Every structure is written in C-alpha cells, then in structure tokens.
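Input: a single structure, listed below in structure tokens.
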Amino acid sequence: MSSSDRPATRIPDKPSLDGIEDRWSHQWASDHTYSFDRSATRDQVFAIDTPPPTVSGSLHIGHVFSYTHTDIIARYQRMTGKSVFYPIGWDDNGLATERRVQNYFGVRCDPASRYVADFEPPFHGEPPKDHQAIAVSRANFIELCEELVAQDEKIFESVLRRLGLSYDWSLLYTTIDEHSRRVSQLAFLHNLSRGEAYTQDAPTLWDVDYKTAVAQAEMEDREVAGAYHQIAFHRSDGADIVIDTTRPELLASCVALVAHPSDERYKALFGTATATTPLFGVEVPILAHHLADPEKGTGIAMICTFGDTTDVTWWRELNLPARAVVGRDGRFIADTPWITDEKGQARYGELAGRTAKQAQKLMVTMLRESGELLGEPRPVMHPVKFYERGDRALEIVSSRQWYIRNGGRETDLRAALVARADEITWHPAHMQHRYTNWVGGLNGDWLVSRQRFFGVPIPVWYPVDPAGNPDYDNPIVPSESQLPIDPSADAPDGYTNGQRNIPGGFMGDADVMDTWATSSLTPQIAGRWEADPDLFERVFPMDMRAQAHDIIRTWLFATVVRSHWEHGAAPWRHAALSGWILDPDRKKMSKSKGNVVTPMSLLEQYSTDAVRYWAGSARPGVDTAYSEDQMKVGRKLATKLLNVSKFVLGLGQPETIGAATDPIDISMLAKLAAVVADCTAAFEGFDYARSLERTEAFFWWFCDDYVELVKTRAYRIPADVGALSAQVALHAALGTLQRLFAPILAFTSEEVWSWWQTGSVHRAPWPAPAEPAGGDPELLDSVSEAMAQVRRTKTEAKLSQRASVDLLVIEAPAELHAALVAGRSDICDAGSVTAFELREGPALRCLVTLSPSPTTAGERPPTS
RNA sequence: GGGCGCAUAGCUCAGUUGGUUAGAGCGCUUCCCUUACAAGGAAGAUGUCGGGGGUUCGAAUCCCUCUGCGCCCA
C-alpha cells in the first residue's frame, strides 16, 4: 500500500470502548464483511459446522465461551485468505420448545382437539400456578411453538451479534424450517431404503410424564432413595424362595426367577423347578443367567417385564413372555390375563389404575398382610434411570418405534464407526477416547421416533388392511419431490384424506423424529445438500465441528452415523471440543444453584472484547473457572491497544515507506517476527489461547519497554534517519499487533485499524513471519535489562521516572557491548541520562548517579 | 465398577521432545499526577510444583502408587 491511498488518520482524542460494539456490528452487517464467497473452490474454503443453540432456553455464559472459541478460529482462517463458511442455526424443534410453549401460553397439545383459527392462548408468559393447561389441537400447538421460537430467536440473534460472532447470517437455518424438515426426511428415507432405518415393536425406555420414548443417549442415572423388600416365592414342595427387590409393585409382571449359573444355592433348580408368585399365584420358571449377581440380596432375582434394562436382556436372552403391568401413562393397566387365580385377580384389581408409587405402597401392605413380606423394607440409595429432562423414573414399555442402526447391535458397524473417528483430528486429542468409549458401550440401535408434536414428522404412512390393522412392515413412502410432508395432514399418492384410518385406507405415522435426528444433519442442512449440489461440494466434508464435550455421545456421534451412511465419510476433518464453565468453587455452573450470569450484562459491563479475551485465554477443551477478573484484564488490554495505537499513529506517519534502519528497531521487528511464527503455528493447531498468550506478552513488552525506549527518538523534529526508522518500525509493529489481536479483540482491533487503514482488519491478511534482514532479537534484551535497572533505582529512591541521571555507568560482558552501544542514545533519552559510560564487567550492572542526590545501584546486588 | 481429565504462588492459569535460579496476570505492599494511557505507570514480596516411591548426571515434566476433585458412562 502506498501512502497516497491511505486514509487520513481519524483518531479520537479520548479513545474508548464504549459503543464500539454497536458501531462495528452495524458496519460489518452493511459491508457484508463475513459473507461466504461461494465462488471459492473447496481448497480455498474453511467450512465450520456450528452448534445451533436450543432457543427455548436462554443463552448462558457457556455459550459465550465456546461460541467465541469457534469465532476466533473462523476469524483467523478468514485472515489467512480462506473463504469461511460459518453458518448459525436455531435448534427450535423438539421437546424443550414444547415444554416452554406449555409453560408460557398455559396450553397442552391434545391431538384429538379440533383446530381453532386465530386461537388466542390464555397467557403470554407466567401463567398462574393453579392454571389448568388448556387443550389445543396439534396444529394450534405447532403455531404457538412457531410464534414463540420466532420471538426467542430475535433475542438470541441480538446477543450473538453483540458478541461479535462472525457468522454469515444469510446462511441461517432452523431445525424446524421447511429446508431442515426436507433434509431430515430425505436422509431418513435414504436410511430406510438402504435398510439402515427400521421399525420394531420392542421394550422401550419410556417417560410417563412426557409420554414419549427416550433414547439411550438421553437417559441418565440418578441416585434416589429406595428400599429392598424381601419377598417369599413358593415352591410346589412348600419351601420358599426369598428374593430381594426394590420394585415389589412389579410382582404381577414377574415372568421368572434368575440366579447365577454357578450359584450352588440354586443350581439344582435351574430349568426344572418352578415357583409361584406371592399374592397372585402365577407359576414362573427358575432360570440361570450370568448377569444375576450372587452378591446382591439373596442371589436370586425376579425378572419383571420390565423393571430395568437388565430385565430386558433377560427377557430377550431367556425367551420369556411379556407381561407388562405399567401402561404408557405410568399407571397400572387393567388387563392381566396371565393371572388366573381368583384371589390373585382380586388383588390385582386393587392395583389397576394406580401409579407405580401408589402401587408400591399398596403392594407392601398386601404382602405384609399375607405374611409374604419378610422383615421390614431396608432403605437404600440406588441409581435409577431418568430421562435427562424428566422428573419421574423411566419405565420400560413395549411399543413400536423407529430405529437407525448405529452399531449398538452389530460388531462390524460399531468397528466402522469407531474407525471413522480416526479420520478426524480431535482438539484436544484425548476427546477421541470419549467417542470410542461411548460407541463401544452402546447396547442398542438409535431410537429416533418420539411421541411428540413439534418436530420433523416421520415421513411414512402405513396401509390399513380390510380388518383395520396397519401394516407396519410395508410403509408407504412419499416421493422425494413431495418432501417435506406431514403424514398426519397429507395423504399418500393414490389415496385421499377420506381414507385415513379406515379399513382399506391408510394411516399416517403420528410420531416425530428425535431432535438429534435432525441436528445430526447440520452439515447437510447448512450446506444445502441435494438442494444446491454445487454449494455442498464446496463445503463438505466440513473442516471443523465445534461443540462442547458433553454432547460427544449425542450430537457428534449422531452426525458421524448419518455421514457414514449417507456419504461413506467422516463429516469433518477437525473436531474442536470446548470445556465447561465452572463456578469459582469448581462445580459445574447450574441454574439450580442460582449462579448463572446473563451474558448481556457482562458484555455491557466489561465490553465484548473483554469477555472474548476471557474466553480466548482458556485452552481448548479445558474446563475453566468463571472469572470476572480475567474480563477486567481483557478490558485493560483492549484499552491499552486503543491508547498505544493512538500514540503511535499520533507520531505522524513516515513520509516515505522505507525499512527500519536502527539496530534497535530491527531487533524489535525480529522479536515480533518470532511471535508471528509462534502464533501462526498455534492457530494452525487450533490453539487460539497460545497465540493470545504470545501476542499479549509481546504487546506488554512492546508498550512498556520498546515504545518507552524509542519515543523520544521517534518524536524528533525535524525527523532524521533515526526518527524515521523508529516511526517505520512502530507502524509496522502496530499493524502486525492489531492483526494478531484481531481474532480475539474483534471490536478493538477493528476500531484501531480503521484509524489508519482501509477495509476491515478481519479481511486483512494474517501477518507473515518475515524476519527483517540482519535483525538480532536478543539485542534488545540487554537494553531492556539496563533500562529496568535504571527504573528500579529511581523507584527505590522514591523518585519519578522522569528524575534525571547525571551519570549512568554500565558494566557488562564484552559480548553485550555492541547492543548497549546501539541502544545508548535511546537509553539516555528514555532514562533522562546526561552522561553514559560503558565498562567491562562480569554481568550487566548499572551504576546510576541520580541528580541532585546521588544514589547507586551498587548498594544491592544486581539481579542480572 | 469402567473411560477421560485435573492437582504448580492467596486466586486464575502458563510451563511444547526431561536441562541453569519454576513463570504470567490478578490480588497484596511500596512508590510515581510521567505531554498515548491515573479506568495509568514503576518496582517488590510470595512456591515442599497434591503425598510417597522409582528411572536419570539431572524430574513440575517420564514410570508406579496413594489421596483429593471434575466430567462422561455402567
């Protein structure tokens, strides 16, 4: 750039961070600074797969933290000349939104209700506690979902813009929009046609409150209080077999007793003997299985259909009948044909209709009365499976669901999916173990159907036979051009809606897909797979997936599964996992503890760049303490960048653009070149924090030592060769520093860049680590050390740094003399030194004679 | 019970293949209104590198073990 096309500098008198975010985010929007250039070929593109936040919640500091990390990488890549594909989406489909809609409007979805046009919900936020939710039709419910997510998404967008995330907002998608529904259904139909998706009636983890199936990945263990109950079963010879159970209420669904094959106590009974259940008199076999734990209770357990996942294994592997007693509403069902004993039927009659909790209480009473409860229940804390969003323990019910094969039931597929992870570079590397560990521990395929409403419908219908039974094994599928479809509203080709749910007609699948079944396709959704093949080819496989490490098992794994099936490839080259934000006491931040801080207030209080600095200081993947102190440091750094830029640019620009000539200046530039090389290497390894650390350390040295040292020379009027050299070096260093900081301090860098450059710093080239000819980075070390000693002498004398020095004698080894001679004039200027003398000595040591009262540094041992 | 990670100054953290006397910032103490910055600057003090054992000429770093903490899973 020649000096003629430089804009005149326009430096404010009092630079400030206030208002900087609004100014630049508007400028970036109107300049399309972050637009993806889709004419770029694949090798010039850096494509990022970003996590769409769940809009039904609120953005918290953890989002700010991890989203900033991704943005820092995006900004670096953009500066290296890449066309950065950096989309954002909103994850608005799914249960979280439904729950928020219910709570916000005071409604609930009832598919049997009729649609009401222009429906007005009873409330808009904060319905009273005693409000009974109003039943609304599925269509009305979905309308309300759409209304609320649109509202929530506006707020999200304003926060993310304020945070300075350099998305190309024209690439925005939402997981419920038409395009996403189409992609999601299309991918599902591909899975179906290739045999990767299937439907099956099987025991399913079930949340009785949400009335939906739950996938393995959404389930969690919680320690809850329970009690062991010793219950006596009876053998035909009159002897009792005592079992221990925490779920006596399931006694009616008992299908067998089981003990370990090597358990001497029960060995003789296996396969030959039977026992009858207490109260109900149902005869069940006594069987052996290695999962029975001889150490637990009495060593023999009752198998119920189904009390827990072990029951499911036993039921499957021992070929047992299903005798379910808990219905999908969590209440005991009425119909139990396997109980033939009259007394037993009467007893069961009392249980029917009750919840598990009520049934347990009643069951204990009945067992106590019959004398079949031995002793008293023994309280115990034990792990119980919950849906991660649920409040009541999961039940296992038998139901028809859709699954996508994910290796949970096939060794070869599992191995292939584990191997896919080797195609990805993990940051940090150890995160790959979590993936491998999770995939290795799967014990079933991916359940993708959910009995909910606000989601992408499973895009199939079923023929209904003349007897009125749907044929689940031969689903009717739409053509791809029809997508997206809603089988609850649309009729398949060759049918009319009048044939819905009648013999000889059809039935629409009522379920929607799991939210992960759609979000696992974010690369395909954002990259406009099938809709825009030219674009997709330029961005897929993507360069980078960014996400937090807790959803490796869900989002990351599911995305790999879909890509494996659809493209036979890993979806990205790099996976960057960010850590958690922890409380100062190192607990995970949580709402319940009341310690969640709203991001907007922090951005306002400390400035966005200060918060970005805090995020950028944390090493990739490392859990990090929430620290406003770090934000204060970031604010100080940003302010310093403003001030030093003002100072350097205020020196006046050198008339001619030459090279620095003074060895001092060349030394500084050589040091800076090493920093640039470090930062570049760090960023290539996705380690933004290391780059920041290197840049920051150099920057403070630059401000405190170098600028102080040369400023008198740079000010010299009229400018001589030395002044010009200093000015050239200062400007060069400033331009480099502003660009090194740009990925982190996005707003401040842009502000100071705008004072003297055209165009955005975020579109400027990342600095090249070109070493100036003949630069000796160590030359300045001796000079800095000498200056530090002079400053120390003044501080210890409790004098101002301006205090003048009559005589400065420097003792130093001969090899340092050249450096000190080169720095002599600058040292004298910066230290207000009148006379300067250089002597031979074993170590660098300054003897400082202050005026008017002389002092020497020789009174204490020199530090160097 | 399994997988992964963490433990370094009062606090938050660096410390890259083992290599002088272990670093930074915050905080603390002292001083300085100095013409880029007082929302600033100059300087100072502060460590059993979680405990124990081992390898090595040499260990915060490698190995073993114990303890404590966190996340994910069973």
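Within every chain, numbering begins at 1; the chains are lettered A, B, ... in the order of the sequence lines, protein sequences first and strands thereafter. Basis for what follows: all heavy atoms, side chains included, without hydrogens, waters or symmetry-related copies. Given the structure is predicted, the values throughout are model-derived calculations rather than measurements.
Within 4.0 Å (heavy atoms only), A/K636 reaches sugar-phosphate atoms of the nucleic acid but no base atom. Looking at heavy-atom distances under 4.0 Å, A/R619 makes contact with sugar-phosphate atoms alone, never a base. Note on A/E708: a base of the nucleic acid sits closer than 4.0 angstrom, heavy atoms only. Within 4.0 Å (heavy atoms only), A/Q801 reaches at least one base atom of the nucleic acid. Residue contacts for A/V633: at a heavy-atom cut-off of 4.0 Å it reaches the sugar-phosphate backbone alone, with no base atom in range. Residue-level contact check: A/Y715 touches the backbone only, with heavy atoms under 4.0 Å from sugar-phosphate atoms and none from bases.
In the set B/A42, B/U30, B/G41, the nucleotide with an atom closest to the side chain of A/W700 is B/G41. When the nucleotides B/A14, B/U34, B/A36 are ranked by their closest atom to the side chain of A/V622, B/A14 comes out on top. For A/R802, the side-chain atoms get nearest to B/U35 when compared with the rest of B/C4, B/U35, B/C37. Of the candidate nucleotides B/A36, B/G41, B/C73, B/G41 has the atom nearest to the side chain of A/D704. Nearest nucleotide to the A/H433 side chain, out of B/G3, B/A36, B/A39: B/G3. When distances run from any side-chain atom of A/H430 to the nucleotides B/C31, B/G5, B/A39, the shortest one goes to B/G5. If you check B/C26, B/A36, B/A42 against the side chain of A/D629, the one that comes closest is B/C26.
The P atoms of B/C63 and B/G18 are separated by 11 Å, rounded to the nearest whole Å. The gap from the P atom of B/G5 to that of B/U48 amounts to 27 Å, rounded to the nearest Å. A distance of about 15 Å separates the P atoms of B/G52 and B/U67, rounded to the whole Å. The separation of B/A60 from B/C13, taken at their C1' atoms, amounts to 14 Å, rounded to a whole angstrom. Taking atom C1' on both nucleotides, B/A38 is separated from B/C31 by 14 Å, rounded to a whole Å. Spacing of C1' atoms, B/C49 relative to B/A7, comes out at 10 Å, to the nearest Å. Comparing the P positions of B/C37 and B/C28 gives a spacing of 25 Å, expressed to the nearest Å. If you take atom C1' in B/A45 and the same atom in B/C4, they sit 39 Å apart, rounded to whole Å.
Rounded to an integer number of Å, the gap from A/H382 NE2 to B/G1 P is 19 Å. If you take CG of A/L577 and C1' of B/G70, they are 16 Å apart, rounded to a whole angstrom. As rounded to whole Å, 16 Å separates atom C1' of B/U34 from atom CG of A/D705. Atom CH2 in A/W614 sits about 11 Å away from atom P in B/C13, given to the nearest Å. Here B/C72 presents its P atom at 12 Å from CZ of A/R222, a figure rounded to the nearest Å. Computed from coordinates, the A/F702 CZ to B/A36 P distance equals 14 Å when rounded to whole Å. Here B/G25 presents its C1' atom at 15 Å from CZ of A/F699, a figure rounded to the nearest Å. The separation between A/E796 atom CD and B/G44 atom C1' is 8 Å, rounded to whole Å.
Both A/D18 and A/V648 lie close to RNA chain B; mapped to their nearest nucleotides by heavy-atom distance, the more 5′-ward contact belongs to A/V648. Residues A/E696 and A/K711 both approach RNA chain B. Their nearest nucleotides, taken by heavy-atom distance, put A/E696 toward the 5′ side.
The aromatic rings of A/H731 and A/W756 sit perpendicular, their planes meeting at an angle over 60°, well past the 30° parallel limit.
Taking side-chain N and O atoms only, A/K640 has a distance below 4.0 Å to OP1 or OP2 of B/G41. Between A/R792 and the phosphate of B/G44, there is a side-chain N or O to OP1/OP2 separation shorter than 4.0 Å. Of the side-chain N and O atoms in A/K14, none sit less than 4.0 angstrom from OP1 or OP2 of B/C37. Look at A/R791 and you won't find any side-chain N or O under 4.0 angstrom from OP1 or OP2 of B/G41. Residue A/R553 places at least one side-chain N or O under 4.0 Å from the OP1 or OP2 atom of B/C73.
Between the side chains of A/E628 and A/Y626, at least one donor-acceptor pair of N or O atoms lies under 3.5 Å. Between the side chains of A/S832 and A/R802, no donor N or O sits under 3.5 Å from an acceptor N or O. For the residue pair A/R791/A/Q789, the side-chain donor-acceptor check at 3.5 Å is not satisfied.
With a cut-off of 3.5 Å on both Watson-Crick or G-U wobble distances, the partner of B/C33 is given as none. Shown here, B/C28 forms a base pair with B/G44; the pair counts as Watson-Crick or G-U wobble because both key distances fall under 3.5 Å. B/C6: Watson-Crick or G-U partner is B/G68, with both key distances under 3.5 Å. Nucleotide B/G23 has B/C13 as its partner under the Watson-Crick or G-U criteria, with both atom distances under 3.5 Å.
A salt bridge links A/E751 with A/R23: at least one charged nitrogen is closer than 4.0 Å to a carboxylate oxygen. Between A/K385 and A/E395 there is no salt bridge, since no side-chain nitrogen of the basic residue lies less than 4.0 Å from a carboxylate oxygen of the acidic one.
The two residues A/R694 and A/C679 come nearest to each other via the heavy atoms CB-SG, 3.9 Å.
Remark: A/R222 qualifies as a cation-pi partner of A/F386 under the 6.0 Å distance and 45° angle criteria applied to the six-membered ring.
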